[in-house]
Amino acid sequence: YQRRVRGGRKHSQQKNVYWNRKRSLPVSEIIYEEGLATLHVLLTEELSSSIENGCSIAINGVCLTVVKSYLHGDEKGVIVVFQIMSETLSRTNLGQLKPGEKVNVERALKMGDEFGGHQVLGHVDCVGTIENVLVTPNNKKVFVTFSSSWAKYLVPKGWIALDGVSLTVVDVTQTSLSVCLIPETLKRTTLGLKEPGELLNLEFDHQTKVIVHTVESVLPTLISNYQTK
């Protein structure tokens, strides 16, 4: 079946890295087919510069490949088209997108760009649910719940990427975390629009994941060897 919803560089084999410079931009169209979605996003002239088929762009923190681009008929900018497979749709919030909805868009880091922020790869681990939002003057604290199996990758003052926005973790429990959002983050990303019950894409620090997996695989052998001595 096919469900169509309408609203008003060469591919690199290297791993793409994103450094938390993003814009909140609208979905122009999304077409749902069996096991596949085709996403059209309106990019500004600045972000669409040097776009080619095969380029990688992060949408809500998910690294996607450009399959087509074309000029927008009514506004300045370029429509960029992505294909999203079923694995990505099931693991992220991209399967819930609608025309007109805004998404976080970020180009991959280029050689010579400022080396700052956290090292986000665009490989989403799971989705979390916004449990609560506390609003104070010039600040917003967001509480997110997730499966307890991911808690081992979080530490207070570590980082987490929410819909591609890398943020410092404030509070951590076995099933939840909290982050604080400054006005600049609220202005430049979609996080300022989010409400309790909405889903966010979560990417955990890949270096922490490697350390945890290494310790989990090596430690039992070390303990066993120690006990047999």
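- Side-chain contact between L25 and L42 is absent, with no heavy-atom pair separated by less than 4.5 Å.
- Between P156 and V169 the shortest side-chain heavy-atom distance does not fall below 4.5 Å.
- A salt bridge links K141 with D171; the closest basic N to acidic carboxylate O contact falls under 4.0 Å.
- The shortest distance between side-chain heavy atoms of L94 and I59 falls below 4.5 Å.
- Using modelled atom types, no side-chain atom of R23 and backbone atom of T189 make a donor-acceptor pair closer than 3.5 Å.
- Residue E216 qualifies as enclosed at atom CD: its count of foreign heavy atoms under 6.0 Å is above 12.
- Here the two rings, on H213 and Y153, have centers that are under 6.0 Å apart.
- At distances below 3.5 Å, at least one donor-acceptor pair connects side-chain atoms of E203 with backbone N or O atoms of L121.
- For the pair Y32 (side chain) and G95 (backbone), a donor-acceptor distance under 3.5 Å is present.
- Looking only at side-chain heavy atoms (C-beta outward), I57 and V66 come within less than 4.5 Å of each other.
- Under the salt bridge (charged side-chain N to carboxylate O under 4.0 Å, His left out) criterion, K102 pairs with no residue, sequence neighbours left out.
- Looking only at side-chain heavy atoms (C-beta outward), V124 and L202 stay at 4.5 Å or farther from each other.
- The side-chain contact (heavy atoms from CB on, under 4.5 Å) test with I160 singles out one residue from V165, D205, T168, V179, and that residue is V179.
- Here the side chains of L167 and L191 are in contact, with some heavy-atom distance below 4.5 Å.
- Distance alone, capped at 3.5 Å, is enough to place a donor-acceptor pair between the N201 side chain and the N93 backbone.
- When the side chains of ILVMFWY residues are joined at heavy-atom separations under 4.5 Å, either directly or via intervening members, F204 and V212 end up in a single hydrophobic cluster.
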Carefully, step by step, assess E101 and K98 under the rule salt bridge (charged side-chain N to carboxylate O under 4.0 Å, His left out). CA-CA 6 Å; E101 183 175 349; K98 299 177 179 63; 5.3 Å; no
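- Each salt bridge (Lys or Arg N to Asp or Glu O under 4.0 Å) pair with one or both residues in residues 86-96, not counting sequence neighbours, appears once here: E87-R91.
- For residues 80-109, the set of pairs meeting the ring pair (Phe, Tyr, Trp, His ring centres under 6.0 Å) definition, not counting sequence neighbours, is empty.
- T88 places no side-chain N or O within donor-acceptor distance of the main-chain N or O of I84, the cut-off being under 3.5 Å.
- Considering every non-hydrogen atom in both E45 and G77, the closest pair reads CG-N, 4.1 Å.
- The backbone N or O of L181 lies less than 3.5 Å from no partner atom in the side chain of T185, so there is not a single donor-acceptor pair.
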